[in-house]
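These notes are about the structure you will find just below.
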Amino acid sequence: MKKAKRHQTNLISMIIAIVTIALLVFLSIMLANHVKLENRFDAIINLLTKIDNAVARLDTEREILICIFALYIAKCQLPIPMSFLCAISGLVFPLNTALLINAVFTLFFFTVKYFEGMFIGGGWAGMILNIKKIKFLRDWIQFKGNGNPYFLSGTRLVPVIPLGMVSKYYGSMKYDFVYYSILSLIGYAPRLYVYTKLGAAVKNPFSTQFIVLLMIIVGFTGFTSLFFNIFYGIKSRQMTQTLLIYSDKEKYKIVL
């Protein structure tokens with residue numbers, strides 16, 4: 001069992017590393033040839049520029065803001081990527097304004113999921129963490145029943161961990177709401193900035209800025225996923241080796 005788990009962890013890690021490196025190499029080639037790509041796909045760039053100008057000429061900024069807020073409300077129940085929502089604001093508004101809008105609306109999303117967890121329960125996260133094989137992870141997150149602040153802030157930084165699931169679970173633990181909000185925003189801030197900046201640069205998907213931002217997103221997603229998989233594999237093996245079960249005949253025995 002120990003060897004099988006190590007093999008599974010190594011296989012997943014290898015797949016993540018290969019996919020990440022392949023995407024980074026592809027984007028590096030695009031970056032090296034971005035001038036040729038801009039010339040070859042000039043029609044696409046012109047189309048995106050026209051769309052950007054058309055959005056900018058919409059009736060009022062208030063109406064645009066309401067539409068974006070409606071998307072964030074929908075995000076509370078639908079699997080809409082947060083990166084997409086942040087990019088929309090970056091496309092429509094100046095960068096500083098877009099960052100402020102995304103920060104406020106993201107906090108709204110975190111708040112809704114927190115209170116969902118408080119009144120409804122931890123949802124899928126609670127059910128997954130109750131599985132015996134990963135109860136060590138649940139104990140680490142609960143942090144003696146008080147909630148682990150490092151895990152909360154860290155998971156906001158890792159793209160592969162669903163924001164809503166973590167929010168609901170911390171709500172179900174009735175973690176202090178003020179600390180929850182501050183830690184959530186601090187942890188999510190780097191991603192929020194990159195996604196918003198990506199939206200501002202989307203009118204030219206072959207520009208140096210856009211490609212570099214994509215490389216940052218791909219590299220960060222890949223390497224954090226790799227780290228999380230390795231961490232889980234190490235902790236899982238440690239718990240398998242040291243798990244103690246009470247017995248009537250023997251006080252404790254080690255289960256390998």
Side-chain angles (χ1 to χ4, degrees), residues 6-56 71 75 79-99 101-103 106 153-163 166 185-234:
R6 183 183 290 113
H7 176 73
Q8 183 180 18
T9 302
N10 291 341
L11 178 62
I12 295 173
S13 298
M14 184 175 68
I15 292 172
I16 293 173
I18 290 173
V19 171
T20 302
I21 292 171
L23 288 173
L24 288 175
V25 169
F26 174 73
L27 290 171
S28 298
I29 294 172
M30 286 185 62
L31 183 62
N33 298 277
H34 72 94
V35 176
K36 294 180 181 178
L37 290 170
E38 285 179 358
N39 294 330
R40 180 172 295 183
F41 297 99
D42 184 61
I44 295 176
I45 295 173
N46 289 335
L47 176 62
L48 292 172
T49 303
K50 289 178 181 177
I51 293 173
D52 182 57
N53 293 333
V55 171
L71 288 174
K75 164 66 181 171
I80 302 173
M82 190 67 83
S83 56
F84 172 73
L85 299 179
C86 292
I88 289 178
S89 298
L91 175 65
V92 177
F93 294 97
L95 182 61
N96 291 336
T97 305
L99 288 171
I101 291 170
N102 285 332
T106 299
S153 187
T155 53
R156 301 310 193 194
L157 198 60
V158 181
V160 295
I161 300 178
L163 298 170
V166 175
L185 286 178
I186 290 174
Y188 191 69
R191 290 173 61 190
L192 186 146
Y193 177 81
V194 172
Y195 294 151
T196 306
K197 188 75 172 176
L198 190 69
V202 76
K203 60 184 178 182
N204 186 356
F206 304 108
S207 66
T208 301
Q209 184 184 53
F210 187 85
I211 297 173
V212 169
L213 287 170
L214 272 183
M215 291 177 71
I216 292 172
I217 292 172
V218 169
F220 187 77
T221 302
F223 291 121
T224 52
S225 302
L226 184 64
F227 172 78
F228 183 78
N229 181 65
I230 293 172
F231 172 79
Y232 171 76
I234 292 171

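In this chain, residues are counted from 1 in sequence order.
- Contact between L24 and G219 at its shortest, heavy atoms only, is CD2-N, 4.0 Å.
- When all heavy atoms of R191 and L163 are compared, the closest pair comes out as NH1-CD2, 4.0 Å.
- Considering every non-hydrogen atom in both A98 and S89, the closest pair reads CB-O, 3.3 Å.
- Minimum heavy-atom separation, M82 to T106: SD-OG1, 4.3 Å.
- Summarising the geometry of L85 relative to N102, their closest heavy-atom pair is O-OD1, 3.9 Å, with the distance given to 0.1 Å.
- Between C86 and Y195 the shortest heavy-atom distance is CB-CB, 3.6 Å.
- In this structure, L192 CG and S83 OG are separated by 11.0 Å, a value rounded to the nearest 0.5 Å.
- Put simply, the side chain of R156 never gets that close to the backbone of L185: no donor and acceptor are under 3.5 Å apart.
- For the side chain to side chain contact (heavy atoms under 4.5 Å, CB included) test, residues two or more places apart in sequence or in another chain that qualify with L214 are L27, L198, F210.
- The distance from the OG1 atom of T196 to the CG atom of N96 is 10.5 Å, given to the nearest 0.5 Å.
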